[in-house]
Amino acid sequence: MVVVSNSLTAVAAHRERIAELVGVTGTAELPVADCLGLVLALDLVAPVALPPFDNSAMDGYAVRAADVAAVPVALPVTDDIPAGRAASTPLEPGTAQRIMTGAPLPAGADAVVQVEWTDGGTSSVRVDRGVPAGANVRRAADDVAVGTTVLVAGTVLGPAQLGLAAALGFGSLPVRRRPRVLVLSTGSELVGPGEVLAPGQIYESNGVMLAAAVREAGGEAELLRFVPDDVAAFRAAVEPRLAAFDLLLTSGGVSAGAYEVVKDAFTGRGVEFTRVAMQPGGPQGAGRYLGVAVATLPGNPVSAQVSFEVFIRPALRAAMGHAVVQRPTVVAKLSSPLTSPAGRTQFRRGRYDPASGQVVTPVGGPGSHLLSALALSDCLIEVPEDVTELAAGADVLVRFLH
Ligand code: AMP
Ligand code: MG
């Protein structure tokens with residue numbers, strides 16, 4: 001752990017604290033269609049083979065390869081096998097059965113001649129080109145044998161993994177469930193989007209942003225309507241809802257001013273407030289209230305969102321069982337000089353351009369109210385605590401926001 005100063009908490013220490021508080025979510029059996037992006041909790045063993053039976057890889061005619069060794073040859077067509085139906089009769093020597101892609105191969109057949117190599121006849125077919133035994137036949141268990149472990153616990157379920165599970169007949173899967181996060185903004189100056197602003201008021205933006213960030217990280221978010229800087233109102237909003245959640249995520253009301261509602265409501269009640277050695281996002285709080293994990297983010301929108309990226313997202317990813325909890329990073333060249341406060345990790349917003357030789361350009365200044373600059377950014381530029389100045393062309397660590 002990096003000790004930055006007696007009064008500041010290191011970024012890594014606060015990150016660990018939040019991850020420890022959030023912990024891991026339990027296992028749930030969820031419908032396959034709801035499992036995208038979730039982590040498989042148990043090994044998945046194939047209850048059926050894939051394919052489950054020998055079937056045709058082509059639209060054409062099921063034959064014995066020996067019967068089409070000399071071509072052209074005419075064969076009587078004795079059956080018609082669409083996908084979804086089994087052949088009603090075995091294939092007799094010297095005959096053909098019309099067969100569609102995916103339909104079960106009739107007993108006695110050892111190859112399929114594609115329709116393009118025939119005259120397409122329905123009562124009798126002329127075969128113009130021969131095929132070897134096994135041609136255009138997909139054998140049972142070619143892909144997966146019964147009892148094979150197809151996906152191991154810990155696998156992140158993407159489209160292909162969900163497709164495989166469905167192909168094996170799984171209607172639901174054992175997964176690590178999504179953490180449930182209650183998002184609450186605070187501030188007497190806040191007004192809901194769509195309402196009329198009175199002097200001194202601003203539109204509330206952190207709630208929508210943080211709830212979206214929770215969902216993007218894979219969690220479930222419930223956005224409570226914001227509360228004014230009033231401890232009683234804050235508690236009344238939080239307490240009845242809290243037990244249903246894994247994490248309460250607040251924004252605002254934690255800095256050094258008066259009317260710091262989150263601080264006032266939680267100080268001495270299981271939540272500790274600290275200053276983390278970072279810019280933006282210094283004022284942070286973490287703990288447990290009524291048994292539920294609490295993380296309190298600062299109110300400035302950029303501080304809130306950067307804090308989410310640095311502390312909350314990795315904790316939610318870990319809670320869901322992801323092995324990789326951090327966003328991908330690259331080292332890039334800074335397009336223009338930067339200054340950064342001593343003793344604090346600075347997270348500047350930037351745009352990364354891989355085309356122009358891996359250059360990153362800072363977007364907007366360090367101000368934590370510059371929300372439009374954040375919205376134009378695709379990465380954070382991490383300037384270490386001990387670095388106060390960087391020249392254009394310096395190597396910097398870039399952490400993607402996607
Ligand atoms: P605070 O941490 O409550 O002192 O808030 C710091 C700054 O962020 C103030 O300018 C607030 O108006 C602003 N702010 C706090 N919460 C929100 C929010 N939910 N949406 C937009 N701005 C906010
Ligand atoms: Mg406030």
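Because only heavy atoms are used, hydrogens play no part in the values below, and waters and symmetry mates are left out as well, while side chains stay in. First listed ligand is number 1; within each ligand, the first listed atom is number 1.
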Give yes if a backbone or side-chain nitrogen or oxygen of Gly299 is under 3.5 Å from a nitrogen or oxygen of ligand 1, and no if not.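 Among all N and O atoms of Gly299, at least one is under 3.5 Å from an N or O of ligand 1.
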Can a salt bridge be assigned to the pair [X] and [Y] using a cut-off of 4.0 Å between side-chain N and carboxylate O?
{"X": "Arg344", "Y": "Glu382", "value": "no"}
{"X": "Glu195", "Y": "Arg225", "value": "yes"}
{"X": "Asp264", "Y": "Arg235", "value": "no"}

Side chain or backbone of [X] under 4.0 Å from ligand 1, or both, or neither, by non-hydrogen atoms?
{"X": "Leu190", "value": "side chain"}
{"X": "Ser205", "value": "both"}
{"X": "Phe226", "value": "neither"}
{"X": "His369", "value": "neither"}

May I ask you to identify the nearest protein heavy atom to [atom], giving residue, atom name and distance to one decimal place in Å?
{"atom": "atom 3 (O) of ligand 1", "value": "Gly253 N, 2.9 Å"}
{"atom": "atom 9 (C) of ligand 1", "value": "Glu189 OE2, 4.1 Å"}
{"atom": "atom 22 (N) of ligand 1", "value": "Ile202 CD1, 3.4 Å"}
{"atom": "atom 4 (O) of ligand 1", "value": "Ser255 OG, 3.6 Å"}
{"atom": "atom 6 (C) of ligand 1", "value": "Asn300 N, 3.6 Å"}
{"atom": "atom 17 (C) of ligand 1", "value": "Asn206 ND2, 3.3 Å"}
{"atom": "atom 19 (N) of ligand 1", "value": "Glu204 OE2, 2.7 Å"}

Between Asp246 and Arg180 (side chain of the first, backbone of the second, donor and acceptor by atom type, cut-off under 3.5 Å), is there such a pair?
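Yes.
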Salt bridge (charged side-chain N to carboxylate O under 4.0 Å, His left out) evaluation trace for Asp353 with Arg351: CA-CA 7 Å; Asp353 183 3; Arg351 276 195 81 83; over 6 Å; no
- Message: Only heavy atoms of Tyr203, strictly under 4.0 Å: list the atoms of ligand 1 that pass.
- Response: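 Atoms satisfying the 4.0 Å criterion: 21 (C).
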With atoms numbered from 1 as shown, which atoms in ligand 1 lie under 4.0 angstrom from a non-hydrogen atom of Ser185?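 In order of numbering, the contacting atoms are 19 (N).
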Gln161, Arg177, Arg178, Arg176 screened by side-chain contact (heavy atoms from CB on, under 4.5 Å) with Leu38, the one that passes: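 For Leu38, the side-chain contact (heavy atoms from CB on, under 4.5 Å) check succeeds only for Arg178.
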Assess the residue pair Val214 and Phe308 against the criterion (side chain to side chain contact (heavy atoms under 4.5 Å, CB included)); give the C-alpha distance rounded to whole Å, side-chain angles, the decisive distance to 0.1 Å, and a yes or no.
CA-CA 9 Å; Val214 167; Phe308 184 92; 3.7 Å; yes
| So is Thr186 in contact with ligand 1, going by heavy-atom distances below 4.0 Å? |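 Distance cut 4.0 Å: Thr186 passes for ligand 1.
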*is_close_aromatic(Phe234, Phe266), centroid dist under 6.0 Å*: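 Yes, ring centres under 6.0 Å apart.
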| query | Do other residues, nucleotides or ligands put more than 12 heavy atoms under 6.0 Å from Tyr259 OH? | reply |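 No.
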With distance as the sole criterion, is a donor-acceptor pair present between the side chains of Asn206 and Ser185 under 3.5 Å?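 Short answer, no.
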